[in-house]
Protein chains: 2
Amino acid sequence: MSRATVSRVVNGVRNVAPGIQEAVREAIARTGYAPNQAARSLVTRRTGAVALVLSATGGSFTARLFSDPFFGRVVDGVLPVLRERAVQPVLLVSESEPARLQLVDYLRRGGADGALVVPLDEDDPLPGMLVAAGLPTVLFGRPRPGVRCGWVDLDNAAGARLAAEHLWAAGRRRPAVVAAPESAPAARERLDGFTAALAARGAVAVPVERGRYTEESGRDAMARLWARDPGIDAVFAANDLMARGACRFLAERGVAVPEAVAVVGFDDSTAARDAAPPLTTVRQPVEEMASAMARLLLARLDAGTPRTGSRLFEPVLVVRESA
Amino acid sequence: MSRATVSRVVNGVRNVAPGIQEAVREAIARTGYAPNQAARSLVTRRTGAVALVLSATGGSFTARLFSDPFFGRVVDGVLPVLRERAVQPVLLVSESEPARLQLVDYLRRGGADGALVVPLDEDDPLPGMLVAAGLPTVLFGRPRPGVRCGWVDLDNAAGARLAAEHLWAAGRRRPAVVAAPESAPAARERLDGFTAALAARGAVAVPVERGRYTEESGRDAMARLWARDPGIDAVFAANDLMARGACRFLAERGVAVPEAVAVVGFDDSTAARDAAPPLTTVRQPVEEMASAMARLLLARLDAGTPRTGSRLFEPVLVVRESA
DNA sequence: GACACATGGGAGAGCGCTCTCCGAAACCTT
DNA sequence: AAGGTTTCGGAGAGCGCTCTCCCATGTGTC
């Protein structure tokens, strides 16, 4: 029996007589034969694997990676979609400059058919490098300008609007914002969406201070806001950790949350649930976004077209005790 | 210029005139050429990648995976060793039966040159499957009987002895044990090591109850011990979570820790540090063990021999407040 | 019963590398 | 200067698959 016939049976194509099929399968099972992926890839130009890249530009981040439940949610969303299509999910971490270069090299050489990238930092060069290498890529979060690839993202402006409307409806008329660094598009949308929604309701200029996503920086930003205007009755923070920082400052000053000042966070991370008081926050459907990301990539691989689709998700306001 | 010359330059072998080398490198840089890994693997029978497999037999464990800092420590230990050798680390998760089969298939086809496996459950069939498939494998923890592969492990008996000696030196003469399921070799060693060390000092029979590694099961085991003998003045638990459970039971009964009953855990996980009171516990050097695991695998791949070495690590007692 | 037509399965090219040969050229040595 | 020795680089086989031909059968039609 020729190799061609075996190949046909293994790949389930063309018409092979049932008897022969049976014999081939039996032989495969008996000998424990496994086709050589390298040889197969050489001709099919497919590896059957897709990379899920967790990338950061800052130093040692495996501690962050394996303690922030966010990544677990991403993985949970991605795995079932790939498994169903018999595509092997491969996790890669890019935590330093040499790691990034090695990783790009690995993928350029054909380590995987495509990449799902979760960048932690806005200035991460990795997505641009992968796209430049011609690798089908889908990002969690919109790419930097000039990088053309698929993405999934949250409608940050809509989320900010939800927060604004909630605070307004609760009678808060002197809100402030603890924003994130200006460079981040998502951060800009959250800020602009919030101020625009309030302006539409006739609110005057909203005081803004910026943090760097950490709890400590949120605390400091809140301190600056308070110094500028102790009449503030609500705070919208660009993420949950900074919202916690704001709460901590207010607690230190003996300001009651939410009675005197209402606080709304963003993300609905576990940090929001575990905060004191539990944070009212804007939720992103991470698992759904992650599985959509996987589906977008698979669709592109199937189609073979150079363009990848994108999808914007709607946020939901989760009301707890802080506002 | 022939392909052979280019190949020689890329792989840095044999004598190629410096001028030619320069020209080749320049051309590679200019055209952005990346060698096809599949073609290369086909002839070298190497992929240049090593799998780090995180495996569990129970259901959804990505939540556990991305919240237990243990895995982050393992990854931190493995990555630098592989990077230094320009081997691409590839994380694979095996969280269900179909995932396991797909993963074994992927590796059997040549997805990676070897596997570093971190099994969470003692009855995990994955290591045996990989070894049977002929894949160079190194385990975190000793393999089940009959599975011949390399491993790194902690000298559990020595750790248990440290705990026993610490409690004895503190004047505790009526200790009890919250042990793990009998099936686990590590668990058996911890129990036997503890009782043997005490017997050597003339202690009478030590009461033992078993838990299933969780805090809740530790609490229940402690309750059974207490029902058997409320005169117990010390407890040695086979892991930190069960030690916490024991503390919780004692707190519920108003029994002071460590004044009335001293508690010693095992692992020195963050659960130990965050416990109330902070746990005295036996520490495993996870990062070191993980990098040793990577080195053992690389050594085997270099040597090409079918046998892989193993290494046993010495535990250290970390004294905090619970004993 | 002769033809067209569908169907099963073999032969063989070729995917893009590596690496062993081997010939050509440069360099010593006596 | 003639031979031996080393150095450099080309030719070409072959890694283990897939997939396109193409021929040998089997099936249907008038």
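All chains are named by letter (A, B, ...) in the order of the sequence lines, taking the proteins before the strands, and each is independently numbered beginning at 1.
An OP1 or OP2 oxygen of C:dC17 is reached within less than 4.0 angstrom by a side-chain nitrogen or oxygen of B:Y33. Note on A:R45: a side-chain N or O is less than 4.0 Å away from OP1 or OP2 of C:dG16.
Residue A:R40 contributes atom CZ, which lies 21 Å from atom P of C:dC17 at whole-angstrom precision. Protein atom CZ of A:R109 is 10 Å distant from nucleotide atom P of C:dC17, rounded to whole Å. For the pair B:Q37 CD and C:dG16 C1', the computed distance is 12 Å after rounding to whole Å. For B:N36 and C:dG14, the CG to C1' distance is 13 Å, given to the nearest whole Å. Between A:R46 atom CZ and D:dC19 atom P there is a gap of 12 Å when expressed in whole angstrom units. When the P atom of D:dG16 is taken as reference, atom CG of B:L42 falls 7 Å away, rounded to whole Å.
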How far apart are the C-alpha atoms of B:D124 and B:T57, what are their side-chain angles, what is the distance that settles it, and do they pass the side chain to side chain donor-acceptor pair (under 3.5 Å) test? CA-CA 6 Å; B:D124 195 328; B:T57 53; 5.8 Å; no
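For B:R30, the salt bridge (Lys or Arg N to Asp or Glu O under 4.0 Å) partners are B:E26, not counting sequence neighbours. Among residues two or more places apart in sequence or in another chain, the side chain to side chain contact (heavy atoms under 4.5 Å, CB included) test is passed with A:E288 by A:P285, A:F313.
Other residues, nucleotides and ligands contribute at most 12 non-hydrogen atoms within 6.0 Å of the CD atom of A:E84.
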